[in-house]
There are 2 protein chains.
Amino acid sequence: MTSSVPVSTAAASAAQAKESVTCPMDFILRMLMGPWTTYILYNLRSHGPQRFGELKRRVSGISAKMLTERLRTLEGASLVKRDYEATIPPKVTYSLTKRGHELDDVMGRLAEIGMRWETEDAAARAARAAEQLRAAE
Amino acid sequence: MTSSVPVSTAAASAAQAKESVTCPMDFILRMLMGPWTTYILYNLRSHGPQRFGELKRRVSGISAKMLTERLRTLEGASLVKRDYEATIPPKVTYSLTKRGHELDDVMGRLAEIGMRWETEDAAARAARAAEQLRAAE
DNA sequence: CCGTATCCCCGGGGATACTG
DNA sequence: CAGTATCCCCGGGGATACGG
């Protein structure tokens, strides 16, 4: 998700709405589609609540600016919770909200489908390669 | 999804892989996350196979360049099928592949969750507004 | 440690014009 | 009709430096 992941422009969304061809899952996908979002949610799921720096280290390559922006967005969508402890040094912990966990089974299904396709594609490639060899003989 | 939706950069993906914190659903989400992608899949689902111009009209606001690029990507991922008839004028029809339809139930679930959240949020806003009024009296 | 502020650059994507 | 080619511009996002 390094590239920009502008999902759709506001103008486009407006246009969609006008045409009343609105997509019910657009809102939620627009969220998931954000750059780095899946990595963030995935890490919060698999490693549990964690601090900003921890998360930043795990989602390798992300900039602080980007991570902050994504977390704020997810927070705004009530998918992620931010816990601030005003100790010195300060300690901020992020975790999935109840709503965030509602995506668990969908995420699981997507992961399952993704993995199945991956193996199917690998098998197809292997079959093609074998065919190539056979033809070459 | 008007904005650019570069999901993650190749570098980021590579970094992820290196850290072996790979997300199994990343591939598939990277696909769904592409700009306009959901609109396209949604339209192909609800209106069935259709021609380029038809699709372009429905996904209002999208440019020909973008639509072409997205369709090529979806084709490459075997989610969409392209049928070309060399008549004059030429006729090109796009439709979901079998694999494309494998996303149907996940899409359905996402749509359901999205709509539920929408109504929940609307209710919450209404409650808040009512509270405001009550406080103002 | 957890951010925000500033700067700057690159390329994504729209508009237009043109071809098969 | 279904694209491709060209141009051009805007802002997304990284790097750096700094504040709470």
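All heavy atoms count here, side chains included; hydrogens, waters and symmetry mates do not. Residue numbering restarts at 1 for every chain, and letters A, B, ... go by the order of the sequence lines.
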- Would B:Ile88 end up clustered with B:Tyr84 when hydrophobic side chains under 4.5 Å apart are linked, directly or stepwise? no
- Indicate whether OP1 or OP2 belonging to C:dG3 is found under 4.0 Å from a side-chain N or O atom of A:Arg82. yes
- Expressed in angstrom and rounded to an integer, what is the separation of A:Leu71 atom CG from C:dC2 atom C1'? 11 Å
- Message: Without decimals, in angstroms, what is the distance between B:Glu69 CD and D:dA5 P?
- Response: 14 Å
- Enter the distance from A:Arg70:CZ to A:Ile62:CD1 here, rounded to the nearest 0.5 Å. 8.5 Å
- Item | Closest to side chain of A:Val92, choosing from D:dG14, D:dA2, C:dG3 | C:dG3
- Query: Hey, which of these two, B:Ser63 or A:Tyr84, hits DNA chain C nearer its 5' end, going by closest nucleotide?
  - Reply: A:Tyr84
- Item | Side-chain donor or acceptor of A:Ser60 paired with backbone N/O of A:Arg57 under 3.5 Å | no
- Message: Using the side-chain heavy atoms of A:Pro90, tell me which of these nucleotides is nearest: D:dG13, D:dG20, C:dG20.
- Response: D:dG20
- Query: Rounded to the Å, how far apart are B:Ile88 CD1 and D:dG3 P?
  - Reply: 16 Å
- Item | Whole-Å gap separating C1' (C:dC1) and CD (A:Glu54) | 13 Å
- Item | Side chain of B:Phe52 (C-beta onward), nearest among D:dG13, D:dG3, D:dT6 | D:dG3
- Are OP1 or OP2 of C:dT4 and a side-chain N or O of A:Arg72 less than 4.0 angstrom apart? yes
- Query: In whole angstroms, how far is the C1' atom of C:dC1 from the CZ atom of A:Arg57?
  - Reply: 11 Å
- Message: Whole angstroms only, please: what is the CZ-P distance between A:Arg70 and C:dG3?
- Response: 16 Å
- B:Tyr94, nearest nucleotide to its side chain (from D:dG13, C:dG14, D:dG3): D:dG3
- Are any side-chain N or O atoms of B:Thr97 and backbone N or O atoms of B:Ser78, one a donor and one an acceptor, separated by less than 3.5 Å? yes
- Query: Hey, does the side chain of B:Arg51 come within less than 4.0 Å of D:dG3's phosphate (OP1/OP2), counting only N and O?
  - Reply: no
- Specify the separation, in whole Å, of atom CG of A:Leu67 and atom P of C:dG3. 8 Å
- Item | Any donor-acceptor N/O pair, B:Gln50 side chain to B:Arg58 backbone, under 3.5 Å | no
- Task: Measure the distance from NZ on A:Lys91 to P on C:dC2 and round it to the nearest whole Å.
- Result: 10 Å
